[in-house]
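Input: a single structure, listed below in structure tokens.
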Amino acid sequence: MRITVIGTGYLGAVHAACMADIGHEVLGVDVDTAKIEALAAGRPPFHEPGLGEFLTRNVEAGRLRFSTSLAAAAGFGDVHFVCVGTPQKPGSNAADLRYVDAVIEGLAPGLRAGALVVGKSTVPVGTAARLIERIRELAPVGTVAELAWNPEFLREGFAVHDTLHPDRVVVGVTSNDADTVLREVYAPILETNRTPWISTSLATAELAKVSANAFLATKISFINAMADVCDAAGGDVVTLADAIGYDPRIGRRFLSAGVGFGGGCLPKDIRAFIARAGELGVDEALSFLRNVDEINMRRRRRAVEVARELAGGTFLGRNIAVLGAAFKPDSDDVRDSPALNVAAAVQLQGAQVRVHDPAAIDNARALFPTLDYVPDVEKACEHADLVLHLTEWRDYRELDPSVLAGIVRHPRVLDGRNALDVQVWRAAGWTVRALGRAHDRGRSGEGMPAPRPGGWISLKG
Ligand code: UGA
């Protein structure tokens, strides 16, 4: 099929490459010329494991091309996937829909007869119904253009895998034809994976996306709230998560306590959901999400407090090494990153901060230019009074704490992700603190279990 993917960010670029890989002829479109040039040369404009190979293979095969022209997209495609961003509106909790609207305005006048526009961006419920009206107004007379909503559930860092092996495909449609076209688009994926197919209304499809993210955010904030209780009561939140997580009704994934969730999705999606519920007159139904947000933002403050305590009650004159800038490992995305937020707060309180990240340094520098960024862990840790482990990259979990102990001034570490092997670090002479593991405060820290193999179960898929 001839497919366009409009918006080539973390979602669109991966979707375009994967659609080409399963055999479609794909045109990726973006307003960012530099990004389009990189993609057309087979170079991913951001860090996403596996994407480079998929791009090169399909660009070389001639199945995947790129353009900056919406008019070209309208003339090319039978199916148009809209994958542009819906960030938080400045000064409001609501989603900013200007990019989605701009795509519809640019695309609709050139749509071919029978074209199907498929929204993938995360939008407030009711958006698709509004866009259908707009397409009807703008599309040329005689064009029976349709709109469907097909939310995407991929995780950054696993985006290629998640696109090709989705847990489920949800489509919001207003006709059987649209459902049939989408089944055809995804046929190779459905056949390989026996993927559940959920065909529903536009509103349910839109809601499926935001409520999934709201649930995930709630799960993380739940365990982080338990971490606070553990700190106060002398409990251990990692063991607690294991203990409740073995119950299949609860499940261990997304129960990793630490500095909380960040990124370009969870934080802004729960806020937009709250805002939309208010518009719909069901504000109270989602009032718990305000708590979820507050618990999450408190994690960052809590990390700074514990760090200050560990640093001897003040950051003045202290060298602090920060390991991690991305909002999660295997990503260079620093949007609303807890790690960077904590690093900046510690610096503002007088510390000399050196930040390391395996992939996100350039993006981090653009967002927080006053922090000092270094290319290797050793450099970050040189003469450090305290190490803050804030993004659980594998590289950090595999560090040799005895080597690092010889580099720092004081071997003290705050594991903000509960992902380091505490016993190994302690055996190498480190004082280790973590969030929600109160009984580790003593020097011996007896009884503190090692994290489960591989650290974050939730992110291992
Ligand atoms: C999230 C959802 O997981 C995807 O299903 C969804 O498609 C995507 O948003 C989206 O809306 O586009 P993503 O933002 O890539 O995916 O990241 P997650 O893996 O969900 O992690 C989000 C944040 O939660 C990260 O900062 C992570 O460190 C944190 N987290 C995750 C925890 O603090 N604890 C956990 O147990 C799990």
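Nothing here was measured: the structure is a model prediction, and the numbers come from that model. Sequential numbering from 1 along the given sequence is applied to the chain's residues. Each ligand, and each atom within it, is numbered from 1 in the order the structure gives.
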One should read off an interatomic distance between F158 CZ and K328 NZ, to the nearest 0.5 angstrom, of 6.5 Å
Query raised in the report: Just checking, is any N or O donor in the side chain of W197 or D179 under 3.5 Å from an acceptor N or O on the other one?
Result: yes
Among F215, F261, Y10, the residue with a heavy atom nearest to atom 23 (C) of ligand 1 is F261
Note: ligand 1 atoms sitting under 4.0 Å from heavy atoms of R417 are 28 (O), 33 (O)
The answer for which part of L216 has a heavy atom under 4.0 Å from ligand 1 is side chain
All heavy atoms of I270 vs all of A217, minimum pair found to be CG2-CB, 3.9 Å
Against the six-membered ring of F273, is R276 placed for a cation-pi contact (under 6.0 Å from the centre, within 45° of the normal)? no
Exercise. Can you check whether E392 has an N/O within less than 3.5 Å of an N/O in ligand 1?
Worked result: no
Going by the 4.0 angstrom heavy-atom rule, the piece of E152 near ligand 1 is backbone
E156 heavy atoms within 4.0 Å reach ligand 1 at atoms 15 (O)
At under 4.0 Å between heavy atoms, what of L154 touches ligand 1? The answer is backbone
Point to revise | ligand 1 contact by R253, heavy-atom criterion under 4.0 angstrom | key: no
Students often mix this up, so state it plainly: with edges at 30° and 60°, are the rings of F46 and Y10 parallel, tilted or perpendicular? tilted
Can you find a pair of side-chain heavy atoms, one from M226 and one from N224, that are under 4.5 Å apart?
no
Taking the six-membered ring for Trp, are the ring centroids of H15 and F81 within less than 6.0 Å of each other?
yes
The option among L266, I220, V259, N296 carrying the non-hydrogen atom nearest to atom 31 (C) of ligand 1 is I220
Could you say whether the N/O atoms of G263 and ligand 1 ever approach to under 3.5 Å?
-> no
Within 4.0 Å of some non-hydrogen atom of L255, the atoms of ligand 1 are 36 (O)
Problem set entry | Within 45° cone of F153 ring axis and under 6.0 Å: R168 NZ or CZ | yes
Regarding ligand 1, does T122 bring an N or O atom to under 3.5 Å of one of the ligand's N or O atoms?
no
Honestly, for K209 the part within reach of ligand 1 (heavy atoms, under 4.0 Å) is side chain
In D96, T86, D336, N213, the residue satisfying side-chain hydrogen bond (donor to acceptor under 3.5 Å, both in side chains) with K268 is T86
ask   = Hey, is C265 one of the residues with a heavy atom under 4.0 angstrom from ligand 1?
value = yes
#### Entry: E53 with R57: basic N within carboxylate O range, under 4.0 Å
yes
### Message
Between the side chains of R134 and D101, is the shortest nitrogen-to-carboxylate-oxygen separation below 4.0 Å, so that they form an ion pair?
### Response
no
_Can you tell me if G258 contacts ligand 1 (heavy atom of the residue under 4.0 Å from the ligand)?_
no
Within the 4.0 Å heavy-atom cut-off, what T391 brings close to ligand 1 is neither
Would you say D269 contacts ligand 1, with heavy atoms under 4.0 Å as the rule? yes
